[in-house]
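Some notes on the structure that comes next.
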Amino acid sequence: MKKIVFLLMLMVAILVSGTALADSPKDANNNLNWEISMQPKPTAEEVEAARWSIILENDLGIYAYDMDSLKFAVKNGVAEHNDVQVLVKTVFTNKDMLKKLNEQYAAKLEKKEKVAYCKMDMQYKMAEKEYTVKTMQVFTDKNRQIDVKHNKNFAPVPEKSFAEALYEICQQFAVNADTAEK
């Protein structure tokens with residue numbers, strides 16, 4: 001009799017543990033989603049900062065471009081190797097310039113908000129050495145967009161400007177892309 005009771009208890013224990021395992025495939029997948037790192041995970045601000053590479057710094061501000069945004073313009077489904085597009089961010093550091101911008105956008109600024117930076121979607125015609133700022137967005141120190149301007153007109157790349165420094169980066173991108181295709 002003891003053997004029968006023991007066998008019944010053993011069968012119930014096996015049955016219960018089997019159903020418990022059957023209910024937990026979601027947990028099993030979550031247990032596999034782990035990583036080892038000596039370094040703490042970067043914050044959202046650190047990830048955002050790492051995306052930008054500095055072009056140059058002058059008396060107006062710090063100019064940087066989004067390294068992942070460099071690409072050829074696409075027309076009719078074909079990449080135009082003469083047209084390079086890139087996203088640029090200018091963080092204003094000049095106090096006089098910031099004062100003028102804050103006065104200009106005073107009606108759009110909320111309490112204790114100030115103009116901080118702008119993002120520009122730029123396009124270069126490499127062979128012609130021309131560029132345009134297709135879209136310029138102005139942001140506050142609270143990352144709120146307060147203005148957008150559009151432009152389609154191309155102009156010559158001015159010498160000794162951030163536009164020329166970025167043109168050289170775009171040239172290197174085009175050369176590297178052409179080399180990679182071959």
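Values in this document were obtained by computation on a predicted structure and should not be read as measured data.
- Taking 4.5 Å as the limit, some side-chain heavy atom of Lys129 sits within range of a side-chain heavy atom of Glu164.
- Side-chain contact check for Gln172 versus Glu168: every heavy-atom pair is 4.5 Å or farther apart.
- No side-chain N or O of Gln137 forms a donor-acceptor pair with one of Asp121 less than 3.5 Å apart.
- Side-chain atoms of Lys119 and Phe139, non-hydrogen and from C-beta on, do get closer than 4.5 Å to each other.
- When atom types are taken as modelled, the side chain of Asn102 and the backbone of Lys114 share no donor-acceptor pair closer than 3.5 angstrom.
- Within 6.0 Å of the CD atom in Glu159, the count of heavy atoms belonging to other residues, nucleotides or ligands does not exceed 12.
- Proximity of a side-chain donor or acceptor of Asn76 to a complementary backbone N or O of Val78 within less than 3.5 Å is not detected.
- With no hydrogens or angles considered, no side-chain donor-acceptor pair links Tyr124 and Asp83 at under 3.5 Å.
- The side-chain heavy atoms of Glu80 and Phe72, taken from C-beta on, include no pair separated by under 4.5 Å.
- Of the candidates Phe173, Tyr167, Tyr131, Phe173 is the only one forming a side-chain contact (heavy atoms from CB on, under 4.5 Å) with Val84.
- In this structure, the side chains of Phe92 and Ile62 stay at 4.5 Å or more apart for every pair of heavy atoms.
- Donor-acceptor pairing under 3.5 Å is recorded for the side chains of Thr140 and Glu113.
- Taking both residues in full, the closest heavy atoms of Ala73 and Gln85 are given as CB-NE2, 3.9 Å, listed atom of the first, atom of the second, then distance.
- Looking only at side-chain heavy atoms (C-beta outward), Gln171 and Val175 stay at 4.5 Å or farther from each other.
- Contact annotation: the side chain of Asp66 never approaches that of Val86 to less than 4.5 Å [non-hydrogen atoms, C-beta and beyond].
- The side-chain tip of Lys89 does not point at the ring of Tyr65 from less than 6.0 angstrom away and within 45° of straight on.
- Within a 6.0 Å sphere centred on CD1 of Ile54, other residues, nucleotides and ligands contribute 12 heavy atoms or fewer.
- Counted by atom type alone, Asp141 and Tyr117 present zero donor-acceptor pairs between their side chains at under 3.5 Å.
- Taking the side chain as every heavy atom from C-beta outward, Thr90 and Leu60 never approach each other to under 4.5 Å.
- The two residues Asp147 and Tyr105 make their nearest non-hydrogen contact at OD2-OH, 2.7 Å.
- Closest approach of Val115 and Val138 over heavy atoms only: CG1-CG1, 3.9 Å.
- With hydrophobic clusters built from ILVMFWY side chains whose heavy atoms lie under 4.5 angstrom apart, Val157 shares a cluster with Leu56.
- Here the side chain of Asn58 pairs a donor or acceptor atom with the backbone of Gly61 at under 3.5 angstrom.
- By the rule that hydrophobic residues join a cluster once side-chain heavy atoms approach within less than 4.5 Å of another member, Leu98 and Ile146 end up as members of one cluster.
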